[in-house]
Novice: 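Can you read through this structure? Questions will come right after.
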2 protein chains.
Amino acid sequence: MGSLDLNFTDSSLSQTDVFKPLDPEDFRKQAHQMVDFIADYYAKIESYPVLTQVQPNYLRSRLPSTAPYLPEPLQTIFHDISAHVIPGITHWLSPNFFAFFPATVSTAAFLGEMLCTCFNAVGFNWLASPAATELEMVVMDWLAHMLKLPTSFMFSSGTAGGGGGGVIQNTTSEAIFVTLVAARDRKLEALGTNDVKNLVVYSSDQTHSTFTKASRLAGICLSNVRSIPTSRDSDFALSPELLRKVVEADVESGLVPLYLCLTVGTTSTTAVDPLEPLADVANDYNMWVHVDAAYGGSACICPEFRHYLNGVERVESLSLSPHKWLLSYLDCCCLWVKRSDLLVNALSTNPEYLRNQPSESDSVVDYKDWQLGTGRRFKSLRLWLVLRSYGVANIQSHIRSDVRMARMFEGFVNSDLRFEVVVPRKFALVCFRLKSFSRAEPSYVDSLNRKLLEWVNSTGHAYLSHTVVGGVYMLRFAVGATLTEERHVVAAWQLIKDGADAVLKVKGV
Amino acid sequence: MGSLDLNFTDSSLSQTDVFKPLDPEDFRKQAHQMVDFIADYYAKIESYPVLTQVQPNYLRSRLPSTAPYLPEPLQTIFHDISAHVIPGITHWLSPNFFAFFPATVSTAAFLGEMLCTCFNAVGFNWLASPAATELEMVVMDWLAHMLKLPTSFMFSSGTAGGGGGGVIQNTTSEAIFVTLVAARDRKLEALGTNDVKNLVVYSSDQTHSTFTKASRLAGICLSNVRSIPTSRDSDFALSPELLRKVVEADVESGLVPLYLCLTVGTTSTTAVDPLEPLADVANDYNMWVHVDAAYGGSACICPEFRHYLNGVERVESLSLSPHKWLLSYLDCCCLWVKRSDLLVNALSTNPEYLRNQPSESDSVVDYKDWQLGTGRRFKSLRLWLVLRSYGVANIQSHIRSDVRMARMFEGFVNSDLRFEVVVPRKFALVCFRLKSFSRAEPSYVDSLNRKLLEWVNSTGHAYLSHTVVGGVYMLRFAVGATLTEERHVVAAWQLIKDGADAVLKVKGV
């Protein structure tokens with residue numbers, strides 16, 4: 001790169017008068033230093049409080065308000081990361097992280113991400129980096145095979161133009177949004193109108209909040225977003241009978257059913273909507289059915305869980321986030337569709353400056369037309385390295401190991417008379433709480449559980465989260481962090497019991 | 001992690017019976033190997049053809065159709081990357097890459113990305129990783145200062161709740177989309193309606209195609225997306241007078257002006273819309289004005305380019321992509337808004353399982369409410385490392401060096417009578433072509449230039465792209481790849497001249 005402009009006269013800049021921000025040997029040296037920094041962090045991750053204990057503005061108040069004019073040495077930056085950044089991190093990779101759904105990781109995925117960054121291949125269309133597009137097609141078919149999806153969701157069954165296939169989105173939100181606009185535009189075209197005001201979308205009250213958000217973004221009236229109640233009797237799964245009633249009432253009012261979002265593994269309790277009978281209802285009304293299997297879908301690579309996807313052949317699209325349970329780091333959401341032409345109709349652009357012969361020959365996939373943005377990274381490398389480095393066998397074993405640890409925790413809860421499991425465990429999440437007892441107000445029991453959660457999290461030795469479902473406040477113990485071993489689950493249970501002792505004692509129970 | 005299930009009996013799995021996908025010492029060893037692999041790639045990147053020469057399906061036909069059941073060694077994977085992936089990559093980091101806008105990179109950004117991956121901190125709200133949220137706020141303010149944005153775009157000027165500030169989006173498409181829905185929802189609320197059919201959006205015919213896409217996604221009728229013509233006379237900038245005429249005609253027809261998208265550095269020719277007079281027109285009609293400065297904005301950290309942002313104090317939002325010119329790898333789009341409450345109104349969700357005390361106290365920023373998705377990575381680390389490792393001085397010098405090389409190339413073109421510069425150069429892109437000559441049909445001259453482009457790109461020694469503006473086919477020579485030095489520009493010009501010799505000779509001119 002050229003030399004500095006003459007109007008820079010600061011003598012301390014002289015050492016940088018040939019600025020080479022990507023000198024391969026500097027890169028090699030500094031990247032090796034970073035590898036050691038990260039390996040050391042992983043080695044001692046257990047020593048940090050899982051949930052950070054900092055207060056709002058802790059970091060903003062410590063850092064300068066403007067960027068430095070002159071370079072700072074890497075060692076200063078490493079120091080600041082240790083001194084200022086790490087204390088404000090909630091350590092999602094800690095083996096004692098049991099909150100939300102853990103975001104799983106692995107060495108292979110890290111290597112894949114390094115490669116993705118390395119090439120910086122911008123794969124907006126095929127020609128911009130054929131390997132990026134084709135490897136994604138290959139890996140999406142591999143995962144589809146692992147999930148035993150029907151061939152109608154695979155590239156291998158059809159042509160590049162308009163058939164089934166998969167694409168990596170950033171998040172479930174994006175996967176739901178792009179399929180929703182594809183469904184919307186198809187429906188509006190069929191109705192011969194531009195007017196969305198009669199279109200109605202459906203899900204259960206357990207569906208992720210991003211579904212309502214996506215619906216609003218796509219212009220669906222909030223009053224036409226149906227959130228159908230579920231109950232503890234059906235483990236919070238959506239009832240086909242109830243769905244049909246709601247849809248029928250809408251149709252009688254002159255509204256048009258558009259889209260049904262089903263979930264395999266809801267965020268609160270991992271409830272599973274029964275795909276087969278629900279898709280049958282939706283298909284009677286020509287709705288697009290999407291399955292959000294962000295968490296639960298990964299388990300379906302094991303034969304003993306695959307039944308949760310029964311009926312998937314009747315839906316239009318399915319998404320699953322390998323960053324949740326397939327060891328792949330954020331962000332990575334796999335979306336499969338049966339009719340990619342409907343995505344392309346809603347999302348394609350064709351500016352002159354991107355025109356090229358392979359795209360015009362219709363012999364290739366241009367992934368920019370399957371997503372919101374234009375630019376896109378070479379994300380499939382992460383999944384490719386995970387699947388090859390570990391093999392399906394080890395990944396299945398990883399899922400089973402998490403489930404086994406969750407089952408063990410469930411056993412602990414059941415063995416202590418003060419606690420109860422609130423919703424039957426399906427995957428690796430246990431929803432539990434301090435039981436109600438005679439004469440206790442429900443709100444009082446809720447407050448005890450809230451105190452228990454605060455007590456546990458404030459120790460820094462484990463991090464759990466909560467939810468409220470069916471009016472009941474409960475704690476969520478999600479096993480899945482890559483580094484979690486049985487001893488961490490055992491220690492967390494001991495901590496929770498200590499917390500119960502403390503909370504119940506203070507409360508004088 | 002636990003051992004394999006008993007139903008796996010394959011003896012070759014016995015070595016992996018304790019599956020540890022993130023053992024820190026394995027990580028250290030393998031990540032070091034990957035660093036060397038990448039440093040070697042960077043060292044020899046010039047030896048690869050810039051534009052890949054593979055044919056559609058080249059990779060799909062070479063890889064197995066299903067994932068391996070058993071692990072494969074890292075060396076096999078490295079071999080396959082070299083043998084099968086790299087040949088199908090268009091080398092965006094090659095110093096001979098002059099197509100589109102180059103995607104700039106640096107060692108510091110690579111280290112930042114490694115750290116971001118390392119922590120895998122999911123920063124959907126403040127508590128989920130305070131450091132991730134606060135560092136992003138700090139870095140966005142740093143960049144705002146570097147661009148001399150008004151304080152109304154900065155966190156430092158206001159409160160967390162509702163004032164100005166910045167956020168990192170994935171792409172410009174997302175930045176435009178989220179501001180457009182914020183504008184839409186504000187307007188619909190003001191009008192007391194759910195009906196979008198009267199809302200109109202405006203831009204020039206040089207605006208990136210993603211603006212039309214974002215408008216369609218947000219439910220704006222395609223017939224209400226105005227693409228106002230520009231001409232060579234005004235260097236393809238949008239005319240305030242013409243904008244006013246178009247808006248007035250719409251208002252007279254009963255339509256409602258909603259959103260104006262201006263560009264600082266258009267994709268085809270780096271045209272700059274004059275912000276000040278255009279914002280004045282828009283403000284007369286209460287439109288939201290967004291400035292897409294994806295490419296050109298970065299140059300505005302140098303005082304001599306800052307005038308292109310004059311008038312920015314009159315707009316609602318501005319976006320700029322550091323992956324284009326601030327050395328930061330994909331994907332990274334910085335968006336600043338004056339009123340974050342309008343983003344939050346359009347994008348917030350508040351499910352029980354994410355509720356927490358800091359969020360409810362309104363004392364913190366929850367970035368999930370500023371973007372489409374819920375999950376988000378710790379992206380600010382990349383920019384933080386770039387700004388600190390290099391300092392503002394070196395980054396300015398990098399911009400200037402690219403501009404200087406483009407100016408040199410412009411000089412080469414002007415010195416050869418067979419060529420012409422079609423649009424005056426503003427930044428580091430030169431739009432040029434083989435000149436027309438007496439008796440030549442325009443379409444014939446276009447075809448000569450098309451042949452020239454094909455000839456150059458097929459050599460693998462340089463990669464340029466094209467555009468058509470004002471009916472004229474032209475070649476684009478964009479300087480900006482991090483590794484490009486003067487000698488690469490000189491060699492590319494020699495190659496182009498050789499191409500001209502070949503094309504003009506064959507054509508018998």
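In the text below, chain A, chain B and the rest are named by the order of the sequence lines, each starting its count at 1.
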Novice: Select one option (side chain, backbone, both, neither) describing which atoms of A/Leu74 are under 4.5 Å from chain B's heavy atoms.
Specialist: side chain
Novice: Go through it in stages, so that I can follow the logic: the residues are A/Leu63 and B/Leu135, the test is side-chain contact (heavy atoms from CB on, under 4.5 Å), and I'd like the CA-CA distance, side-chain angles, deciding distance and then a yes or no.
Specialist: CA-CA 9 Å; A/Leu63 296 183; B/Leu135 192 67; 3.6 Å; yes
Novice: Specify which of A/Asp36, A/Leu385, A/Asp23, A/Asp26 makes the most heavy-atom pairs with chain B at under 4.5 Å.
Specialist: A/Asp36
Novice: Relative to each other, are the rings of A/Phe177 and B/Phe177 parallel, tilted or perpendicular (30° and 60° limits)?
Specialist: tilted
Novice: In terms of heavy-atom pairs under 4.5 Å, which option from B/Asn120, B/Val181, B/Leu59, B/Thr349 contacts chain A the most?
Specialist: B/Asn120
Novice: Does B/Pro68 offer a backbone N or O that forms a donor-acceptor pair with the side chain of A/Trp142 under 3.5 Å?
Specialist: no
Novice: Of all residues at least two apart in sequence or in a different chain, which pass the side chain to side chain contact (heavy atoms under 4.5 Å, CB included) check with A/Pro87?
Specialist: none
Novice: Under 4.5 Å heavy-atom distance to chain B, tell me which part of A/His208 shows up: side chain, backbone, both or neither.
Specialist: both
Novice: Examine whether an atom of A/Pro73 lies under 4.5 Å from a heavy atom of chain B, and if so say whether it belongs to the side chain, the backbone or both; otherwise answer neither.
Specialist: neither
Novice: Taking every non-hydrogen pair under 4.5 Å, which of A/Val469, A/Leu387, A/Thr133 racks up the most with chain B?
Specialist: A/Leu387
Novice: With chain B, which of A/Ala214, A/Ser65, A/Ala132 has the greatest number of heavy-atom pairs at distances under 4.5 Å?
Specialist: A/Ser65
Novice: What part of B/Asp40 gets within 4.5 angstrom of chain A, counting heavy atoms only: side chain, backbone, both, or neither?
Specialist: both
Novice: What part of B/Met114 gets closer than 4.5 Å to chain A, counting heavy atoms only: side chain, backbone, both or neither?
Specialist: both
Novice: When you look at A/Asn170 and B/Arg376, which way does the side-chain contact (heavy atoms from CB on, under 4.5 Å) test go after all the steps?
Specialist: CA-CA 9 Å; A/Asn170 293 309; B/Arg376 66 198 317 273; over 6 Å; no
Novice: If you measure from CD on B/Gln371 to OG1 on A/Thr171, what distance do you get to the nearest 0.5 Å?
Specialist: 7.5 Å
Novice: So for B/His145, is it side chain, backbone, both, or neither that comes closer than 4.5 Å to the heavy atoms of chain A?
Specialist: side chain
Novice: Of the non-hydrogen atoms in B/Thr374 and A/Ser173, which two are nearest, and what is the gap between them?
Specialist: N-OG, 3.5 Å
Novice: If we only count heavy atoms from C-beta on, is the A/Thr267 to B/Pro351 side-chain gap below 4.5 Å?
Specialist: no
Novice: Could you tell me which of B/Leu372, B/Leu222, B/Ile86 has the largest number of non-hydrogen atom pairs under 4.5 Å with chain A?
Specialist: B/Leu372
Novice: From the options B/Thr90, B/Leu51, B/Val54, select the one residue that forms a side-chain contact (heavy atoms from CB on, under 4.5 Å) with A/Leu127.
Specialist: B/Leu51
Novice: For the residue pair B/Tyr390 and A/Phe19, categorise the inter-ring angle as parallel (less than 30°), tilted (30 to 60°) or perpendicular (more than 60°).
Specialist: perpendicular
Novice: Side chain, backbone, both or neither: which part of A/His466 has a non-hydrogen atom closer than 4.5 Å to chain B?
Specialist: both
Novice: Measure across A/Glu113 and B/Thr117 and return the closest heavy-atom pair with its distance rounded to 0.1 Å.
Specialist: CG-OG1, 3.4 Å
Novice: Should A/Lys20 and B/Glu485 be marked as a side-chain contact (heavy atoms from CB on, under 4.5 Å) after you check the CA-CA gap, both sets of side-chain angles, and the distance that decides it?
Specialist: CA-CA 10 Å; A/Lys20 291 193 166 182; B/Glu485 300 173 17; 4.3 Å; yes
Novice: For each of B/Ser268, B/Cys221, B/Ala346, tally heavy-atom pairs with chain A at distances under 4.5 Å, and name the one with the top tally.
Specialist: B/Ala346
Novice: Using non-hydrogen atoms only, which part of A/Tyr58 is less than 4.5 Å away from chain B: side chain, backbone, both, or neither?
Specialist: both
Novice: Can you say whether A/Leu327 sits under 4.5 Å from chain B via the side chain, the backbone, both, or neither, judging by heavy atoms?
Specialist: side chain
Novice: How long is the straight-line distance from CD1 of B/Ile81 back to CG of A/Leu115, given to the nearest 0.5 Å?
Specialist: 4.5 Å
Novice: Hey, which of B/Val468, B/Thr210, B/Val122 has the most heavy atom pairs under 4.5 Å with chain A?
Specialist: B/Val122
Novice: Quick one: pull up CG in A/Asn57 and CD in B/Glu134 and give me the separation to the nearest 0.5 Å.
Specialist: 5.5 Å
Novice: Step by step, would you call B/Phe378 with A/Val85 a side-chain contact (heavy atoms from CB on, under 4.5 Å)?
Specialist: CA-CA 11 Å; B/Phe378 195 165; A/Val85 174; 3.9 Å; yes
Novice: Counting heavy-atom pairs closer than 4.5 Å to chain B, which one of A/Asp331, A/Val139, A/Thr107 comes out on top?
Specialist: A/Thr107
Novice: Work out which heavy atom in B/Phe27 is nearest to a heavy atom in A/Val35; give both atom names and the distance.
Specialist: CE2-O, 4.0 Å
Novice: Side chain, backbone, both or neither: which part of A/Tyr329 has a non-hydrogen atom closer than 4.5 Å to chain B?
Specialist: both
Novice: Looking only at non-hydrogen atoms, find the nearest pair between B/Ser209 and A/Tyr353 and report the distance.
Specialist: N-OH, 3.6 Å
Novice: Which value, rounded to the nearest 0.5 Å, describes the distance between A/Met34 atom CE and B/Cys118 atom SG?
Specialist: 8.5 Å
Novice: Return the option, out of B/Ser361, B/Ala128, B/Ala43, B/Ala121, with the maximum number of heavy-atom pairs under 4.5 Å with chain A.
Specialist: B/Ala128
Novice: Could you tell me which portion of A/Ser348 (side chain, backbone, both or neither) has an atom closer than 4.5 angstrom to a non-hydrogen atom of chain B?
Specialist: backbone
Novice: Looking at A/Glu72, A/Arg476, A/Glu352, A/Arg388, which has the largest count of heavy-atom pairs under 4.5 Å with chain B?
Specialist: A/Arg388
Novice: Would you give the length of the straight line joining atom CZ of B/Arg355 to atom OG1 of A/Thr467, rounded to the nearest 0.5 angstrom?
Specialist: 10.5 Å
Novice: Could you report the tightest heavy-atom contact between B/Leu347 and A/Arg216, atom names first, then the distance?
Specialist: N-NH2, 4.4 Å
Novice: Minimum heavy-atom separation for B/Ala31 to A/Leu111, with atom names?
Specialist: CA-CD2, 3.6 Å
Novice: Give, for atom CG of B/Leu93 and atom CG of A/Leu22, the distance between the pair rounded to the nearest 0.5 Å.
Specialist: 6.5 Å
Novice: Which residue out of A/Gln30, A/Glu174, A/Lys197, A/Arg184 racks up the most heavy-atom pairs below 4.5 Å with chain B?
Specialist: A/Arg184
Novice: Please identify, among B/Phe110, B/Tyr41, B/Phe37, the residue contributing the most non-hydrogen atom pairs under 4.5 Å to chain A.
Specialist: B/Phe110
Novice: Can you tell which part of A/Gln33 gets under 4.5 Å to a heavy atom of chain B, answering side chain, backbone, both or neither?
Specialist: neither
